[in-house]
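First the structure, in the form of structure tokens, and then the observations on it.
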Amino acid sequence: MALIELRHIFKRFGWLVVLNDVSLNIEKGQCLVVIGASGSGKTVVLKHIVGLLKPDHGEVWFAGQRIDQLPERQLMQIRKRFGFLFQMGALFDSETVENNVGFPLMEHTAKSPAQISQIVREKLALVGLRDVGNKMPAELSGGQRKRVALARAIAMDPEVILYDEPTTGLDPIRADVINELILKIQSRLSVTSVVVTHDMHSAFKVADRIVMIHEAKLIFDGTPEQIRASDNEHVKHFVSGEASEQELGALRIGP
């Protein structure tokens, strides 16, 4: 049985159809990468997985339980089993790094301040930031802020970690540090990971499996090796980073 299942998900916002009959199974311990153009519905998939959005039609299952119809109180218990790395980190600017990482523990557990501090130190060490607990987010580089946000995402030892564009805004070196951390956490904590990205270098480095969304539909599902060999034109253009003739044609129309 898959750990996470999306069954025939339909979602629209006003007139815009974002997901059109999307079905997806994610196995426990797998690192699944979701690719697609900006606005293709990748983040909407993540929000359905964790119950932040409900489908217009279809079903969402987690660990053998249907969750899309659960009331908010029960969904909160499900969400404690997830860690979420937001695209821009979403740290609290007015709080120290230690308080940012410890926030989920303060909110959702009965652990003592000393226990929380110990966990925070362990998680910061895991992401290679042992000595930044007393600093403010503004004192950190962009890559460091992402790593602090990742430490917060794993503070409660989640079963699943959802990554929303984890390398966005980072230079290639700092982006590769994040990729290495995804692999390290995947191995060290034995988690299931779902990574939304348009960074193909990152996708190829961390993925066990890659799916692609195009025009609200799932058009590819396979291994990194299989996507490199795909003959689907949309997949080929995205993987190679080349615009299609249709897209380039609009630029060639002169006055």
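The backbone N or O of Val177 lies less than 3.5 Å from no partner atom in the side chain of Glu180, so there is not a single donor-acceptor pair. One N or O on the side chain of Lys42 and one on the backbone of Gly36 form a donor-acceptor pair closer than 3.5 Å. A donor-acceptor pair is defined here as one N or O able to donate and one able to accept, closer than 3.5 Å; such a pair exists between the side chain of Lys146 and the backbone of Pro166.
Under the 4.0 Å criterion applied to side-chain N and carboxylate O atoms, Lys54 and Asp68 are not assigned as salt-bridge partners. A salt bridge is absent between Asp164 and Lys47; no separation between the charged side-chain nitrogens and carboxylate oxygens falls under 4.0 Å. Taking 4.0 Å as the cut-off between side-chain N and carboxylate O, Glu5 and Arg7 count as a salt-bridged pair. Electrostatic pairing of Lys80 and Glu107 does not count as a salt bridge here, judged by no charged N lying under 4.0 Å from a carboxylate O. Here Asp176 pairs with Lys205 in a salt bridge; the nearest charged N to carboxylate O distance falls below 4.0 Å. Between Arg209 and Asp221 there is a salt bridge, since a side-chain N of the basic residue sits under 4.0 Å from a carboxylate O of the acidic one.
For the residue pair Gln118 / Arg121, a side-chain donor-acceptor distance below 3.5 Å is found, with atom types taken as modelled. Under the 3.5 Å distance criterion, with hydrogens and angles disregarded, no donor-acceptor pair is assigned to the side chains of Glu59 and His8.
Note: Phe62 and Phe82 have tilted aromatic rings, judged against thresholds of 30 and 60 degrees for the angle between ring planes.
A side-chain contact (heavy atoms from CB on, under 4.5 Å) with Leu124 is found for one member of Leu150, Val101, Ile119 and no other, namely Val101.
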Could you go through residues 188-197 and list every donor-acceptor pair under 3.5 Å that involves a side-chain atom there, pairing it with any protein atom two or more places apart or in another chain?
{"residue": "Thr192", "atom": "OG1", "partner": "Gly29", "partner atom": "N", "Å": "2.8"}
{"residue": "Ser193", "atom": "OG", "partner": "Gln186", "partner atom": "OE1", "Å": "2.3"}
{"residue": "Thr197", "atom": "OG1", "partner": "Asp199", "partner atom": "N", "Å": "2.9"}

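With a 6.0 Å radius and a threshold of 12 heavy atoms from other residues, nucleotides or ligands, Arg130 has its CZ atom at or below the threshold. Heavy-atom contacts from other residues, nucleotides or ligands closer than 6.0 Å to NE2 of His57 number 12 or fewer. Around the CD1 atom of Ile173, the shell of radius 6.0 Å holds no more than 12 heavy atoms that belong to other residues, nucleotides or ligands.
Looking at every heavy atom in both residues, Glu98 comes nearest to Asn134 through OE1-OD1, 4.3 Å.
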